[in-house]
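Values below: all heavy atoms of this structure, side chains included; hydrogens, waters and symmetry mates excluded. Positions are given from 1 along the sequence.
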Amino acid sequence: MLRPRGYSSMVQQARAKVASLPSPTGGWNARDVISDMPVGDAFTLTNLFPSTSGVNIRGGATNHATGMSGQVQTVMDYNGAATSKMFAIDATGLSIYETTAAGAATVTSVTGLTNAWWEYANISTSGGNYLYCVNGVDKPRLYDGTTWTAIDAASTPAITGVTTTTLDNVLLFKNRLWFIEKNTLKAWYLPTQAIGGAASAYDLRSIAREGGYLVAMDVLSLDAGYGLDDNLVFVTSEGEIIIYRGTDPASAATWTLIGVWQLGSPIGKRCTLKWGGDVLVNTLDGLTPLSSVLQSQVLDSRAAISDKIQNAISDAAASYGSTRGWQLLSYPAGDALIINVPVAVGSQQQYVMNAITKSWCNFTGWPANCWVLFNDLPYYGGNGVVVRAWDTTYSDGSSTIQTAAQQAFNYFEERGVKKYFTRARPSILTTGTPTIQIGVNVDFDTNFTSSSLTYAASSAAIWDTSVWDTGLWGQGMTVSNSWQGITGIGYCASVQFQSASKGVNIQWASTDIVYQTGWAGI
């Protein structure tokens, strides 16, 4: 056979290569363009939580309290000297239910409310331990561990000097209860160590340069705790952050305006979260620690700990920013920070950050309207239920957990060289037999190669019932690393990972991928 001169020097023999890719512990990246994304990140990471050593399936969810007649829009915790209790308020029954114990919720004496969106605070005085809650329409409710009291100017205790039905937020700051008057720039405060008495007004109209109204309050501690350096933070609807320091707002000698800073508009009323000694504020600029606000008059958006998913937050705020249900929750035992995103009733999502690595992911399948941390465990309010979330059942009731990940595109250190991808092997630790599918996309194609997976559970044997040496017994974490065929031809590739499981723990460590290289530049 005749061949062109120099043919042998033009041909580069195809040869198989194997690359081992760590799972995307860098987390969800919704900021960088996919053509320039760090290879340790993922542009899809759903129901998979990035840890320090791998990527884990999120926990499951189990109905804790049932029997409420509508969407639960507030869950609250009461912390007494020896007893902690949990309460829920639903949008149809418009009542306060006790949901401390698992099972059917118990309706309290509080019924006939106007709405189910309430804010609350705990306070301890020489008289006992109390839960105060307000919603800006109904009379505030005070719980003393036994009895609920509707608070007005004639109740016992009473609050005078203000129409109590206008109070829609409450905060404990340096032994004083502070309230926000709905749709105004006016705050009210009580005497120290008091649950009633004459309320004094604190008007911020001359301080808030952009106008609007007060949305939230919180406590910023520069000494990393509740101490002498505590500061009272007001957040306005226009994104102004107004910070005061002191003890007695009526005394110029002990009360000082620290400053006014400008952020983006806050997203929702439940837009702040105490974060160690810091305060996080969820705004259109991102989830921002206020300690960084003190550094400049206008915040650098890169200071937001949500910077890596800022485009996702901006898109969600544009679509659902006026929908009730935005909330922040810290879950220290799970090293997690949660942003509840009210996409639609029944379809809510959570943007979740690993508090150690600051890596993000998003959760689906938890239709949460509101959250509370009760006895150090996360609970959310859903449709007629309060749900214990992130538990070790690894299933959402009777539903499977579907995960999906798509890692950043990788040139495998050979830009300009076309590659043929043939096989992949995910290395996972698991307690069962989840359905796992691995795929590959090439050259910035972001479509998933398959739809949702199905899962067929394998049954473990039952002690004292199953036949010895025949029944299949449950097991601890074991390694699974089977090869799967993949197909893709391109210069760069992105690994897809999908799973479907119920009652099965999954920890994804890495993926081996086999490919061949051919002619450079073709």
Side-chain angles (χ1 to χ4, degrees), residues 24 27-30 42-51 55-64 71-75 267-273 275 280-283 286-287 304-317 319-321 323-374 377-383 385-397 399-405:
W28 179 27
N29 188 329
F43 51 87
T44 299
L45 195 62
T46 300
N47 291 333
L48 291 164
F49 184 67
S51 71
V55 172
N56 306 328
I57 190 172
R58 67 157 170 82
T62 303
N63 287 352
H64 171 76
Q71 296 288 339
V72 174
Q73 295 174 335
T74 299
V75 278
I267 306 175
K269 290 185 65 64
R270 296 168 178 169
C271 60
T272 68
L273 177 70
W275 182 253
L280 301 180
V281 183
N282 193 25
T283 76
L287 188 59
I305 62 175
S306 60
D307 178 51
K308 210 169 189 179
I309 62 165
Q310 184 53 45
N311 288 340
I313 289 181
S314 296
D315 290 345
S319 298
Y320 321 112
T323 303
R324 297 292 293 263
W326 288 88
Q327 187 177 348
L328 308 177
L329 181 79
S330 173
Y331 176 33
D335 296 322
L337 170 69
I338 297 172
I339 305 176
N340 199 58
V341 182
V343 175
V345 174
S347 302
Q348 295 90 330
Q349 294 188 21
Q350 293 76 41
Y351 297 167
V352 185
M353 185 188 79
N354 184 308
I356 298 174
T357 65
K358 305 301 186 290
S359 298
W360 287 88
C361 60
N362 84 297
F363 290 174
T364 61
W366 287 350
N369 301 307
C370 53
W371 289 82
V372 70
L373 196 70
F374 180 63
L377 299 174
Y379 293 81
Y380 70 78
N383 186 15
V385 296
V386 172
V387 179
R388 161 75 168 94
W390 213 317
D391 63 21
T392 55
T393 62
Y394 297 106
S395 63
D396 294 338
S399 300
T400 63
I401 298 178
Q402 300 271 345
T403 76

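To the nearest 0.5 Å, atom OG1 of residue Thr46 and atom CD of residue Gln402 are 11.0 Å apart. Gln349 contributes atom CD, which lies 10.0 Å from atom CG of Asn340 (distance to the nearest 0.5 angstrom). Rounding to the nearest 0.5 angstrom, the gap separating the CH2 atom in Trp360 from the CD1 atom in Ile313 is 5.5 Å. Rounding to the nearest 0.5 Å gives a distance of 9.5 Å between CD of Gln310 and CG of Leu287. Atom CZ of Phe49 sits about 7.0 Å away from atom OG1 of Thr357, to the nearest 0.5 Å.
Between the side chain of Trp326 and the backbone N or O of Tyr320 there is at least one donor-acceptor pair closer than 3.5 Å. A donor-acceptor contact shorter than 3.5 Å is absent between the side chain of Asn354 and the backbone of Ser359. Between the side chain of Asp335 and the backbone N or O of Ile356, no donor-acceptor pair lies under 3.5 Å. Of the possible donor and acceptor atoms, one in the side chain of Asn311 sits under 3.5 Å from a partner among the backbone N and O of Ala30.
For the pair Trp390 and Val352, the minimum side-chain heavy-atom distance is below 4.5 Å. Considering only heavy atoms from C-beta on, Ile339 stays 4.5 Å or farther from Ile267 through its side chain. Using a 4.5 Å heavy-atom cutoff, the side chains of Ile309 and Asn362 are not in contact. Here the side chains of Trp366 and Val387 are not in contact, with every heavy-atom distance at 4.5 Å or above. Under the 4.5 Å side-chain criterion, counting only non-hydrogen atoms from C-beta, Val75 is in contact with Cys370. Two residues are said to be in side-chain contact when any heavy atoms from C-beta on lie closer than 4.5 Å; Pro24 and Val55 meet this criterion.
Residues satisfying the side chain to side chain contact (heavy atoms under 4.5 Å, CB included) test with Gln348, not counting sequence neighbours, are Gln350, Pro367, Asn369. Considering only residues two or more places apart in sequence or on other chains, Leu373 meets the side chain to side chain contact (heavy atoms under 4.5 Å, CB included) condition with Leu329, Tyr331, Pro332, Pro378. With sequence neighbours left out, the side chain to side chain donor-acceptor pair (under 3.5 Å) criterion links Thr62 to Asp391.
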Practice item. I would like to know whether Thr364 and Asn47 meet side-chain hydrogen bond (donor to acceptor under 3.5 Å, both in side chains); could you show each step before the answer? Key: CA-CA 6 Å; Thr364 61; Asn47 291 333; 3.2 Å; yes

**Study point:** Pair Leu337-Leu280, side-chain contact (heavy atoms from CB on, under 4.5 Å): steps then yes or no
**Key:** CA-CA 11 Å; Leu337 170 69; Leu280 301 180; 3.8 Å; yes

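The residues Arg58 and Asp396 are annotated as salt-bridged, a charged nitrogen and a carboxylate oxygen being separated by less than 4.0 angstrom.
Aromatic ring orientation, Trp371 versus Tyr380: tilted (interplanar angle from 30° to 60°).
Of all the heavy atoms in His64 and Arg388, the pair that sits closest is CB-N, 4.0 Å. In plain terms, the two heavy atoms of Leu328 and Cys271 that are nearest each other are CD1-O, 3.5 Å. Ala42 approaches Leu45 most closely through the heavy-atom pair CB-CB, 4.4 Å.
Judged by distance alone, the side chains of Thr74 and Arg270 do bring a donor and an acceptor atom under 3.5 Å apart.
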